[in-house]
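Reviewing the structure listed below.
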2 protein chains.
Amino acid sequence: MTTITARERLINAAVEAFAEKGFAGTTTRDIASRAGMSPAAVYVHHDSKESLLFSVSLDGHRRALEVITSAAASSTDPVNRLRAMVYNFSLWHADNSRVGRIVQYEYHALTDEHRAEVATYRRDIEKTMQDALADGVDQGVLDVVDVPGTAFSLLSLGVDLVRWFEPGGSRSGHELATLHADLAVRMTRLR
Amino acid sequence: MTTITARERLINAAVEAFAEKGFAGTTTRDIASRAGMSPAAVYVHHDSKESLLFSVSLDGHRRALEVITSAAASSTDPVNRLRAMVYNFSLWHADNSRVGRIVQYEYHALTDEHRAEVATYRRDIEKTMQDALADGVDQGVLDVVDVPGTAFSLLSLGVDLVRWFEPGGSRSGHELATLHADLAVRMTRLR
DNA sequence: GTCTATACATTGATAGAC
DNA sequence: GTCTATCAATGTATAGAC
């Protein structure tokens, strides 16, 4: 049996609201009412609207990094590894499009300190993808002229899903992630 | 000699502000002060904050469609045509990253009527890319299993630039657009 | 067509009772 | 830890003088 605390209910409400209306467009009253509480109750569990955003953003960044790190460790074959990394990264963004939207589009709304903290996760995500490409080139299996640029482009495929993906739409996350993984291999495989 | 009207100065100010702080995070006072005017002067030239957004968004959508349509007409060779389309679409998003950000990220902030109007431009952009891929397959030059999905992915490369691209950064728009065009050809060329 | 002044609603956050 | 009531600041938009 899982107990959901008031603090967590507020975070879930914030995810809904921020993803739907953006951070600036969301009122603390909206968050409170989605959580079934009064406006004042928000501040018993969270310091401010921004600290609620930081909780969502930090957790989202951590989970995205974990997804791509696990995939990177799943195989030593450069092609299979790349396929797993792109598939899982894109699938995570489809399955978590609301959190992903907050991670990507409300980055600027964080305080300077909080933004600096989540920035380290972003760098780690990019580095993980760059390292996988560079290793594939070293093993003579991949052909990648511009490793940082290509790494960024591969991540863009997943990231851009959060702009429009809605669960229950005409295409499943699995379908899109599989497409992205196929395209990634075509983009980088030595011919 | 180009004369800039007060109306245009306000639009330029709105582009700056909306791109920097988002639509909901921008105040009409901020727009007015960036244009060197009083808050009240805004309403002499524009009906509301949302109508200012609509002006920016509609013009941005039109220009993006024009860019990809011109590129589509620039060649009948599927590979050269695809290269031109992806190059010019990505370059436009790099060169116009502030307008592009408003086009992409403030779509939901438009009224229902205004959103429906710009939606037609979005469909045309997607259709233009899909048609180019389908024709390349018909000519036996391209190998694209999922035409709509691949078209979307190619557009994503350019669109995602607006999330982070800043003029004067370490990579030029030309450099990124060239990379995207190369990746596009690798993704779709028959081997 | 610009301004100052302001109407009126809503905002993030707090006070204090229970 | 929840509520009602409220504060001070700020929001969009308008009124009316020049």
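Below, read A as the first sequence line, B as the second, and so on, with proteins coming before strands; counting in each chain starts at 1.
- A heavy-atom distance below 4.0 Å to DNA chain D is reached by these residues of residues 35-51 of chain B, ordered by number: B:A40, B:Y43, B:S48, B:K49.
- At most 12 non-hydrogen atoms from other residues, nucleotides or ligands lie less than 6.0 angstrom from CG of B:D47.
- Of the inter-residue distances, the one linking B:I102 atom CD1 with B:L110 atom CG reads 11.0 Å to the nearest 0.5 angstrom.
- Nucleic acid contact for B:T5: none, since no nucleic acid atom lies under 4.0 Å from a heavy atom of the residue.
- Inter-axis angle, ends of the helix from C:dG1-D:dC18 to C:dC18-D:dG1, five pairs per end, rounded to 10 degrees: 10°.
- Between the side chains of B:N12 and B:E8, no donor N or O sits under 3.5 Å from an acceptor N or O.
- For the pair A:D30 CG and C:dG12 P, the computed distance is 9 Å after rounding to whole Å.
- Looking at residues two or more places apart in sequence or on another chain, you find a side-chain contact (heavy atoms from CB on, under 4.5 Å) between B:H174 and B:Y87, B:S172, B:T178.
- The backbone N or O of B:E16 lies less than 3.5 Å from no partner atom in the side chain of B:R98, so there is not a single donor-acceptor pair.
- Per the geometry, CZ belonging to A:R29 stands 14 Å off P belonging to D:dC3, to the nearest Å.
- Ion pairing between A:D59 and A:R63 holds under the 4.0 Å rule for side-chain N and carboxylate O.
- Near DNA chain D, defined here as any heavy-atom distance below 4.0 Å, there are no residues from residues 11-21 of chain B.
- Checked for salt-bridge contact, B:K127 and B:D131 meet the test: a charged N lies under 4.0 Å from a carboxylate O.
- Residues that satisfy the side-chain contact (heavy atoms from CB on, under 4.5 Å) test with A:E66, not counting sequence neighbours, are A:S70.
- Using a 4.0 Å cut-off between a side-chain N of Lys or Arg and a carboxylate O of Asp or Glu, A:D146 and B:R171 qualify as a salt bridge.
- Annotation: ring-ring contact (aromatic ring centres under 6.0 Å, His included) contacts involving residues 43-71 of chain A, sequence neighbours excluded, comprise A:F54-A:H114.
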